[in-house]
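To start, the structure itself, in structure tokens.
The residues of the chain are indexed from 1 along the displayed sequence. All ligand and atom numbering here is 1-based and tracks the order in the structure.
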Amino acid sequence: MKIGVVGLGAIGAQVLWSLSKRAGVEVHGFESGYIGHPLAGAGGEGRLFRNLELTTMGYMPIVKRSDELWEELELTGGRQLRRKIGALLLGAPTDAQIEHALQAAREWDLEHETYGIEEMRDLFPQFSMADGDVGIWDTGAGVISPERSISVAVEQAVRAGATAREFTPVTAVDERADGVTLRLESGESLNVDRVLVACGGWTTKLVPELRDWIVTRRLTSAWFSGKDDSSLRGLPPFMRVAPSYCYGIPNADEKLVKLGLGFNDHLPTGDPDSVPRKFGHKEAQAEIEKFSWILRDLLPALDPNPVRLETYIESYTRSMHEFMAVAPGRSNTVVLGGFSGHGFKLAPALGEIGADLVVDGSTKFDLGFLSAAKPVFSITDVNSGITTHNSVVASTGGEK
Ligand SMILES: Cc1cc2nc3c(=O)[nH]c(=O)nc-3n(C[C@H](O)[C@H](O)[C@H](O)COP(=O)(O)OP(=O)(O)OC[C@H]3O[C@@H](n4cnc5c(N)ncnc54)[C@H](O)[C@@H]3O)c2cc1C
């Protein structure tokens, strides 16, 4: 069977790797940029890996399988892809996501610690915590190197016989009665039996049938240094789920921390190719302002202005649960998209699921929870990507 994989980012690279291990499959990957580039959903040197699932237990088998496959990829690729240094989950004890995390820890027997406010103030003095906050230490969590993990997955796939063409945008995915024709920007075309589209924020450009379900946003990451050289010493990777959402990933040298916000603070766009990716002063000021509540309320040891601001592109479904299925109205086009800000840690297992779906038409993983998930926002305008408010990962300080 001849299969095309369009998009070799976080997910497509893993699909390529998984397909390359299957007997009887000839796999061809296509990527608009270079392998491991930072202009889409990957980049910024760090992605959180968590074991403690925050929304639905349906993800837990996928988390477990990903953990195994990250190790396999590190071993076969001969390079470190994750720093398993643990991570801190912060929130109010009554928050549903904190309850889910504790449920995951119990049901899956995951190594963790729970901290009350006094212990947290002792252990993590960098944070200014609110009375009543609780912390859950996810011992097996850590930080993935996004660029390197994509490069290593593609490298291993190619070693196993896959082809991977960089700087090769696919401009159309046309279904035929007996397969699919991939049209390349160069004017070439390639006939395959089936295709898997994993184009992140570009998904609906190739599969417009999903425009009422998947939207694209531009995300800003901001790197801050401490007020002095030791301010960030011992600061762990963290995610704060309530009362308002944010996360932080310290650099390995503990001199900078990268902060990120939630859905409502990201810029909607109908076209990731034309959305501005560099800030003028006014826009930089507006973006920095969005992070100010974190410095004021949670991490007062940070310098007020970031040393680095970068933008990335991510796709979100209306349920905040990814779409992984044959595209509506098509037969041979499988889409993996809408990873809604949480796809990286799961990427190796999602790659395996994608390979199952495109080769066998089904997977041993139970994905019923994805289709059962209810929308949490509406798309007001598909052309601009503007949506209604999303309360699932609300991060604006004003919402507290
Ligand atoms: C700032 C930020 C922080 C995040 N933090 C975390 C985290 O801590 N933990 C976590 O688990 N997840 C995190 N995520 C989410 C995770 O990074 C994404 O879910 C994941 O990258 C999505 O993978 P993807 O393959 O769908 O898209 P991408 O990684 O964007 O890959 C899509 C690829 O398709 C290529 N492409 C697009 N169109 C075409 C075309 N026509 N032809 C050929 N190639 C094409 C693009 O160039 C790109 O390389 C974060 C995301 C962002 C943006």
In terms of residue, atom name and distance, what is the protein heavy atom nearest to atom 40 (C) of ligand 1?
S32 OG, 3.4 Å
Please identify which atoms of ligand 1 are closer than 4.0 Å to at least one heavy atom of G200.
26 (O), 27 (O), 32 (C)
Quick one: are the ring centres of F369 and Y59 less than 6.0 Å apart?
yes
Does D253 have any side-chain contact (heavy atoms from CB on, under 4.5 Å) partners at least two apart in sequence or in another chain, and if so, which?
N251, K255
Would you call the rings of W137 and F124 parallel, tilted or perpendicular, taking 30° and 60° as the class edges?
parallel
Should the proximity of H37 to ligand 1, defined as any heavy atom under 4.0 Å, be assigned to the side chain, the backbone, both, or neither?
side chain
Below 4.0 Å, non-hydrogen atoms only: which portion of V6 touches ligand 1? Side chain, backbone, both or neither.
side chain
Can you pull out the closest protein heavy atom to atom 7 (C) of ligand 1? Residue, atom name and distance to 0.1 Å, please.
L48 N, 3.4 Å
Under 6.0 Å between the ring centres of F377 and Y316?
no
Taking atom 31 (O) of ligand 1 as the reference point, the nearest protein heavy atom with its distance:
G9 CA, 3.3 Å
Between E314 and ligand 1, does any nitrogen or oxygen pair lie at a separation below 3.5 Å?
yes
By number and element, which atoms of ligand 1 are closer than 4.0 Å to a non-hydrogen atom of G341?
6 (C), 12 (N), 13 (C), 14 (N), 15 (C)
Top protein contact for atom 34 (O) of ligand 1, by heavy-atom distance:
G7 CA, 3.3 Å
Should you measure from each heavy atom of S221, which atoms of ligand 1 turn up under 4.0 Å away?
1 (C)
Enumerated ligand 1 atoms positioned under 4.0 Å from heavy atoms of G343
11 (O), 12 (N), 15 (C), 16 (C), 19 (O)
For ligand 1, the portion of L336 having any non-hydrogen atom under 4.0 Å away
neither
Run the numbers for me: atoms of ligand 1, each under 4.0 Å from some heavy atom of L219, listed by number.
1 (C), 2 (C), 52 (C), 53 (C)
Atoms of ligand 1 less than 4.0 Å from F339 heavy atoms?
19 (O), 26 (O)
I'd like to check which ligand 1 atoms, numbered from 1 as shown, lie under 4.0 Å from a non-hydrogen atom of Y312.
1 (C), 53 (C)
Nearest to atom 25 (O) of ligand 1, what protein heavy atom do you find, and at what distance?
I11 N, 3.0 Å
Which protein heavy atom lies closest to atom 11 (O) of ligand 1, and at what distance to 0.1 Å?
K345 N, 2.8 Å
N/O donor-acceptor pair under 3.5 Å between E74 side chain and L81 backbone
yes
Is G201 close to ligand 1, meaning an N/O of one under 3.5 Å from an N/O of the other?
no
The closest protein heavy-atom partner of atom 35 (C) of ligand 1 is E31 OE1, 3.3 Å
Tell me the protein heavy atom at minimum distance from atom 41 (N) of ligand 1, and give that distance in Å.
V170 O, 2.9 Å
At a 4.0 Å threshold, what atoms of ligand 1 neighbour a non-hydrogen atom of L206?
41 (N)
Mode of A198 contact toward ligand 1 - side chain, backbone, both, neither (heavy atoms, under 4.0 Å)
backbone
Under 3.5 Å, side-chain donor or acceptor atoms of residues 3-17 against the rest of the protein: list the pairs with distances, not counting sequence neighbours.
none

Counting only heavy atoms, which portion of Y247 has something under 4.0 Å from ligand 1: side chain, backbone, both, or neither?
side chain
